[in-house]
2 protein chains.
Amino acid sequence: MSVTIKDVAKKAGVSPSTVSRVLSNHPRISRETSRKVKEIMEELGYHPNIMAKSLVSKTTESICVILPKPAEELFLNLFFMELIRGIVAQANRAGYDVLISSGGNEKEEVEAVSRLLHGRRVDGAILLYSRQNDPVVEFLKGHDYPFVLVGRSDSYPDLLSVDTDNIQAAYDATKHMISQGHERIGFVSGPPNLVVSQDRLKGYYKALGDAGLEVRKDWIVEGEFLQDSGYRAMSFFMNLPERPTALVIVDDIVSFGVLRGLHELGYKVPEDVSIISFNNISLTELSTPPLSSVDIGIYNLGYTASQALIQSIRHDDKTVLPNRYIIPHRLMIRESSMYSNSK
Amino acid sequence: MSVTIKDVAKKAGVSPSTVSRVLSNHPRISRETSRKVKEIMEELGYHPNIMAKSLVSKTTESICVILPKPAEELFLNLFFMELIRGIVAQANRAGYDVLISSGGNEKEEVEAVSRLLHGRRVDGAILLYSRQNDPVVEFLKGHDYPFVLVGRSDSYPDLLSVDTDNIQAAYDATKHMISQGHERIGFVSGPPNLVVSQDRLKGYYKALGDAGLEVRKDWIVEGEFLQDSGYRAMSFFMNLPERPTALVIVDDIVSFGVLRGLHELGYKVPEDVSIISFNNISLTELSTPPLSSVDIGIYNLGYTASQALIQSIRHDDKTVLPNRYIIPHRLMIRESSMYSNSK
DNA sequence: TGATTTTGTTAAACCGTTTGCACAATAATC
DNA sequence: GATTATTGTGCAAACGGTTTAACAAAATCA
């Protein structure tokens, strides 16, 4: 049927092993033989059978990405796609293929991962934003399979992971507001049990502290990563006798809620309230006004995760590799915070 | 190292072939043997080596998805992720794995696909929104590999494809505006060379015709799938002596531009202008006001594509399969078009 | 009861590669 | 010129399964 190494060997008048050696650039193959064999391969349209190859080499040159179960927060799709792009780009460059898998629930996820790794279909796995006590993590750890975590590295500080420095990111965002002249800066946080919420809050505290500004509990509101949370936070702030003039918001999607609320009440952004949030999903440029946001380099997160995983797969244990990568962030200042608050 | 079929065989006191037969539910295996072997497999933690299996079976139980080269229009990410979710869900259910691939340019894409299919790494491919004269399509067609097109089926009417009935979708959207009492309905189209723009325009014409409404060339504007296009279309319309009271817009992202422009000029949606657009990407609910949109079932497109491809891979040529699947759409009516225009 | 069919199992070949070892031919060394 | 190293290639055994053909034992038939 399809042309094999033997066909090439026969036609070239050499043994299959020689052909194989030509393929892998074995040093002991003569210039001449190599040339001839390659010619025949071209002529016959030979393509190595990846399955056969990985059967003997015990390595598949591919990795898998486990998508968290169906994202309730739809906008996460933007996140994931960007991550996947980064992952695929780097993997392909390194000669690896990427397999996407997802399960309806945790049990199915473990089954999928188990099939892929036990069945020797992939060499390692990338986990996206895993929750704490993730059974998939336990599985992978238990079987010593190579894998890398994207985000939430704090839940598993000893594991290979790629993450954002959320404390610093929040520090920078808050600092930006301060440098615009704001002194009354509120914070809209996410679910308090998530490390990302905690870290961003910490950065906010730190920036206020460093600037000698007072922390006011009533200028901090917790919520979900949902538009509605933003809306509610906004009405809370706007009803205060003393209102913040700037808001640092834990996620872009929450900002959309805030924007909408402010718009309904007739407040102007950034004149009445300045806003900056996190993640810089592609919608931030589209909102009215365009939203300042901390770009956390999502593509880069994926790219680096892929790289780290492949490195760890190929690793020969002679040297020791870093197990934690922090991707730099940067402020994307847009209209929503372009206003100098001169008292 | 890892436990093989032979280990199981030895421990169970049977031959490897028997174990293999147990695995594939061969009818001639006795109840008793099967039970015992399965027990041992469980005990030893046996997992079949997929590589070995597919080496002999010449089938990999996996498919690949070719991502178009880096989307300039970022929002396409939402599209793709949703599609991929659908593809992966159905593939996994059918016992197939999904491999994601993307190339920086057309040449690389062909190389990637060639490696995957010639190398017997995957059994078939899914192409997302391929352009016309796609070299990847030519490659797959030329080698008789199974594949399916998502969208743009009109460029290749004879190939297996999954698509939306864009004419009908636009017809329905326009009809909706008419039923709200609008008689001056404008259309914001996309690039005129794309089949999707053409089809949606056709549907718009048809609906107007059926309702006995006049088609006015100055109420039709062409542009890109970009926010800016919407903005420009909006200013064009608003400067006309006789302005439309409703707009049918070829894509959600374009609508965002329109919304923004209207907002800046102080027009109210839907009171001054009603709006509906297409695709219902997850942002439509977030805009101010929430945007009416024709949901084209993106997840479903992916799901069906996956199904169709796997069916075609497994197909035994005895029966003939449909080669074109149309995914139903439905109107998602939100605030932007909830206004009865009584003259 | 002997012949025939059915049932359950196995031995061996094969799928397409890689790779350790052997070996001849050539080159380098003394 | 004999000895040793180097270079280029082939043989055959894996890798972990599936599958064809063969066969003994049990069941069915006449």
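Throughout, a chain's letter reflects where its sequence line sits, starting with A, and its residues are numbered from 1.
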Discussion item. Is there a side chain to side chain donor-acceptor pair (under 3.5 Å) between A/Thr60 and A/Ser62? Walk through the geometry before answering.
Written reply: CA-CA 5 Å; A/Thr60 65; A/Ser62 53; 3.1 Å; yes
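Every residue two or more places apart in sequence or in another chain that forms a side-chain contact (heavy atoms from CB on, under 4.5 Å) with A/Ser101 is listed here: A/Ile66, A/Ala112, A/Leu116, B/Asn92. Not counting sequence neighbours, the partners of A/Glu138 by the side-chain contact (heavy atoms from CB on, under 4.5 Å) test are A/Lys141, A/Tyr156. In terms of the salt bridge (charged side-chain N to carboxylate O under 4.0 Å, His left out) criterion, residue partners of B/Arg324 (sequence neighbours excluded) are, by chain and number, B/Asp154. Remark: A/Glu108 engages no residue in a salt bridge (charged side-chain N to carboxylate O under 4.0 Å, His left out) (not counting sequence neighbours).
Close to C/dT7, at under 4.0 Å from its OP1 or OP2, lies no side-chain N or O of B/Ser30. Remark: A/Lys58 is not in phosphate contact with C/dT18, judged by side-chain N or O atoms under 4.0 Å from OP1 or OP2.
Near-neighbour residues of DNA chain D inside residues 32-47 of chain B, defined by a heavy atom below 4.0 Å, number-ordered: B/Tyr46, B/His47. Proximity of residues 5-24 of chain A to DNA chain C (heavy atom under 4.0 angstrom from any strand atom) is restricted to A/Ile5, A/Lys6, A/Ser17, A/Ser20, A/Arg21.
Looking at A/Arg35 and A/Glu32, a side-chain N of the basic residue comes within less than 4.0 Å of a carboxylate O on the acidic one, giving a salt bridge.
Counting only residues at least two apart or in different chains, ring pair (Phe, Tyr, Trp, His ring centres under 6.0 Å) contacts with residues 9-35 of chain B are absent. A salt bridge (charged side-chain N to carboxylate O under 4.0 Å, His left out) check over residues 87-104 of chain B, counting only residues at least two apart or in different chains, returns the pairs A/Arg115-B/Asp97, A/Arg121-B/Asp97. Applying the side-chain hydrogen bond (donor to acceptor under 3.5 Å, both in side chains) rule to pairs touching residues 44-54 of chain A yields A/His47-B/His118, sequence neighbours excluded.
Here D/dA14 presents its C1' atom at 13 Å from CG of B/Leu55, a figure rounded to the nearest Å. Distance A/Arg120 CZ to D/dG16 C1': 11 Å, rounded to the nearest Å. The CD1-P distance, from B/Ile29 to C/dG8, rounds to 8 Å in whole Å. Rounded to a whole Å, the CG atom of A/Asn49 is 18 Å from the P atom of D/dC15. One can place CZ of B/Arg121 at 17 Å from P of C/dG16, the figure rounded to the nearest angstrom.
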Under 3.5 Å, which N/O atoms of the protein pair with N/O atoms of nucleotides 23-28 of chain C?
none

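Listed for the B/Asp123 side chain is a donor-acceptor partner under 3.5 Å among the backbone atoms of B/Glu61.
Taking the six-membered ring where tryptophan is involved, the planes of A/His143 and A/Tyr145 are essentially parallel, since the angle between them stays under 30° and well short of 60°.
The terminal axes of the helix from C/dT1-D/dA30 to C/dC30-D/dG1, fitted over 5 pairs per end, subtend an angle of 40° to the nearest 10°.
Side-chain contact check for A/Ser20 and A/Ser17: no donor-acceptor pair (N or O, by modelled atom type) lies under 3.5 Å.
Candidate nucleotides D/dT9, C/dG16, D/dT18 were compared by shortest atom distance to the side chain of B/Lys53, and D/dT18 ranks first.
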Please report, to 0.1 Å, the donor-acceptor pairs under 3.5 Å made by any side chain of residues 304-311 of chain A, with sequence neighbours excluded.
from	atom 1	to	atom 2	distance (Å)
A/Thr304	OG1	A/Asn300	O	2.7
A/Thr304	OG1	A/Asn300	OD1	3.1
A/Ser306	OG	A/Ile87	O	3.0
A/Ser306	OG	A/Ala91	N	3.4
A/Gln311	OE1	A/Tyr325	OH	3.3

